[in-house]
Trainee: 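Pasting a structure here, questions to come.
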Amino acid sequence: MTETYDAVIAGAGPAGGQAARDLAARGYDVVVLETEGEDEFPSRSNKSTAGTFPSTMSDFNIPDEVVMNFTDEVVLESPNHYYARHQPGAVLEFADYKRWLVEDSRDDGAEYIFDARVSKPIVEGGEPVGVRYNGDEEVYGEIIIDATGPSAPLAKALDVVDLKRERQAIGVEFEMEGVDVNAGGYADLTDAMMLRLDHDLAPGGYSWIFHTGGDTAKVGVCYIQNAAHQENAKEGFSIDDYLSYWEEKDPRLQNATRIEGEQHRGSAHIQLPGKMSTDSFMAIGDTVPTVDPLWGEGIDKCMRSGRAAAAVADRVLTHSERDTSASEMAIYDQLWHDRVAPKVKTRLFMTELLYRASNQRYDDLMDDLSRRSAEDLTEANQGNKLELAKMLRLGDAKLVFDTLKDWYRR
C-alpha cells in the first residue's frame, strides 16, 4: 500500500525547507523531494547572495553558525556617488543555511528524498493527490506544495501560474578573495552589503559586493531583460562577460581571485503573481517580484511564504474532514498579500522605476537618499505611495509615464 503523507513538498530551498520545519514541528507527516543528491546538496543554488537582517534571524531562529559575516551597513552606489545607511545584517553561507533547514526539520520528523526530480502532479477526480518523480516514482499527500521557484513544474501543470519568459532576471555570483573593501574613492565596505546601480556594469539591473570577512566577499551581477537592458546592453555580452568587465574595471576587484567551486547562478521571472493555490495545492517561494526595492532581502520573503503555507496546511488539515478545497487553500493567497509581500504592486512598480532610470538619475538618487530620514526611506521601501512620490523629481515624468505604459500593457 502506498503511503500518503499530510504534505508533499517539492524543493528543499528556503521556502520548502521552512514549510517542512513548521509542519514537522506541529507533528504532521511531511516529505520533501529534492532534485540534488544528498551528498552534493546544495551544489547549486538560485539567487544565493544570502544577505539578511536581524528580524529574519530572530523570527526564524537562524543560528549564528551559518553566518559568514555580520555586517553593520547597507551601501547603495551609483556610477559616481554612494549612500551608506547603518543597518545591521548578516551574510549567510547559503549552503550551510540550506543544510541547516534540512537537518532542523528532520529533527522534528520531516522526511527527505534526494535525487528526486519532480515531473508532474498525480491528479485524480480533477484534484492533485500526489507527485510523480524520476519518471515513474510516486508519492501521495493530502496537500501538495511546489517550492521549486522559477521552474514550478507542478504549478504549471495545474495551470496555477502563467510564467512569461519575456522579462527574466539573470544573475551570477562568485565568492572572491583579495577584494579591497576599503579602496580610495569608494565607500568603505568593511562589514557592509553594497548594491550598485550602474548600467555600464549591469544594464537594467544591479551588481553587488557583500563583505564576508577579511579580504573576501560575494561579488555578483544581475540584469533584468527590460527596456533599460535593451538600451544599454553591450553587444554580445553574456552575464559572465559583465562580471569579468567589472573585475577588470573596478580597483576593488582587480587583485581579486574567484574561489574555486563557490559560484552561484540563478534566474527568475519578474511579474506580479496571479493565483497561487487550487484544490490541495500551493505554489510558494519564488520571491524576486517581492523583494524590497531599495535593500533587497529575498530570504525573508521565501521563509515567510513557507511559514504562510504551513499555517494554511495546519488550518485545513485540522478540519474534521480535512477540507483542502480551493476556497480553503486560497487563504494562502490572502496571507501572501497581507504578510509575505504587502503592497506588492507599489513595491514592484518602484523596483521597475529604479532599474529603468539613467546613470545620471542614479547619481542624483544618492543625493536624494542622503536628504531623507531613515524612517521615510523605510516607509518608501515598504510601499508607502506618498513617500515614493516624494522621491520623484520633475524630470522623472517620462520615466514614470513609460513605466506605467509598459506596466498596463502587461
Side-chain angles (χ1 to χ4, degrees), residues 2-25 28-48 50 60 62 66 92-122 128-158 160-161 261-268 281-288 298-299 301-303 305-307 309-310 313:
T2 302
E3 182 176 2
T4 298
Y5 293 85
D6 294 312
V8 177
I9 301 172
Q18 182 58 42
R21 282 182 77 203
D22 282 354
L23 286 171
Y28 291 103
D29 293 326
V30 182
V31 64
V32 182
L33 306 175
E34 170 55 43
T35 300
E36 295 186 9
E38 184 167 9
D39 291 342
E40 62 189 19
F41 177 81
S43 63
R44 57 186 182 274
S45 51
N46 215 19
K47 300 176 289 298
S48 60
F60 295 97
I62 300 174
V66 304
L92 306 185
E93 206 321 314
F94 203 62
D96 290 346
Y97 158 71
K98 290 179 76 173
R99 285 191 287 264
W100 163 74
L101 283 171
V102 170
E103 293 309 316
D104 198 60
S105 55
R106 269 180 166 167
D107 287 345
D108 284 321
E111 294 183 36
Y112 281 78
I113 303 176
F114 289 91
D115 283 315
R117 182 172 294 278
V118 170
S119 56
K120 60 183 179 180
I122 301 168
V129 297
V131 173
R132 186 166 287 116
Y133 65 97
N134 292 351
D136 58 357
E137 297 290 321
E138 296 180 347
V139 63
Y140 288 79
E142 297 283 341
I143 290 175
I144 312 301
I145 299 174
D146 189 337
T148 57
S151 60
L154 305 178
K156 289 177 185 176
L158 294 168
V160 172
V161 298
E262 299 299 332
Q263 174 190 162
H264 314 286
R265 297 179 181 274
S267 65
F281 179 83
M282 291 175 280
I284 71 174
D286 187 14
T287 60
V288 168
I299 285 177
K301 304 301 182 295
C302 274
M303 297 187 78
S305 71
R307 176 153 288 175

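The structure displayed is predicted, hence computed values, not measured ones.
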Trainee: To the closest 0.5 Å, what do you measure between CG (Leu33) and CD (Glu137)?
Mentor: 10.5 Å

Trainee: Could you measure the distance from the CG atom of Asp104 to the CD atom of Gln18? Nearest 0.5 Å is fine.
Mentor: 8.5 Å

Trainee: Could you check if a side-chain atom of Ser105 sits within less than 4.5 angstrom of a side-chain atom of Val30, using non-hydrogen atoms only?
Mentor: no

Trainee: Just checking, any donor-acceptor pair under 3.5 angstrom between side chains of Tyr133 and Glu138?
Mentor: no

Trainee: What residue among Arg106, Lys98, Arg99 forms salt bridge (Lys or Arg N to Asp or Glu O under 4.0 Å) with Glu38?
Mentor: Arg106

Trainee: Could you pull out the closest heavy-atom pair between Met282 and Ile143, with the gap in Å?
Mentor: CE-CG2, 4.0 Å

Trainee: First locate atom CD1 of Ile9, then atom CD1 of Ile145, and finally report the distance between them rounded to the nearest 0.5 Å.
Mentor: 4.5 Å

Trainee: About how many Å separate OH of Tyr28 and CG of Asp6, when rounded to the nearest 0.5 Å?
Mentor: 7.0 Å

Trainee: Any side-chain heavy-atom pair from Pro14 and Phe94 closer than 4.5 angstrom?
Mentor: yes

Trainee: If you take all heavy atoms of Val131 and Val8, which pair is closest and at what distance?
Mentor: CG2-CG1, 3.9 Å

Trainee: Grab the two heavy atoms, one from Ala19 and one from Ile284, that are nearest each other, plus how far apart they are.
Mentor: CB-CD1, 4.4 Å

Trainee: Rounded to the nearest 0.5 Å, what's the gap from CG on Leu23 to OH on Tyr5? Could you check?
Mentor: 14.0 Å

Trainee: Could you report the tightest heavy-atom contact between Asp146 and Ala155, atom names first, then the distance?
Mentor: OD2-N, 3.1 Å

Trainee: Hey, does Thr35 have a side-chain heavy atom less than 4.5 Å from the side chain of Val118?
Mentor: no

Trainee: Would the distance check show the side chain of Arg21 and the main-chain N or O of Phe60 forming a donor-acceptor pair, the cut-off being under 3.5 Å?
Mentor: yes

Trainee: Report yes if some heavy atom in the side chain of Lys156 is under 4.5 Å from a heavy atom in the side chain of Lys120; otherwise report no.
Mentor: no

Trainee: Ring centroid separation for Phe114 and Phe41, is it under 6.0 angstrom?
Mentor: yes

Trainee: Are any side-chain N or O atoms of Asn134 and backbone N or O atoms of Arg117, one a donor and one an acceptor, separated by less than 3.5 Å?
Mentor: yes

Trainee: Below 4.5 Å, heavy atoms only, C-beta onward: do Ile62 and Tyr97 meet side chain to side chain?
Mentor: yes

Trainee: Where do Pro153 and Thr148 come nearest, in terms of heavy atoms and distance?
Mentor: CD-OG1, 3.2 Å

Trainee: Kindly give the heavy-atom pair with the smallest separation between Ala157 and Pro121, and that separation in Å.
Mentor: CB-CD, 3.5 Å

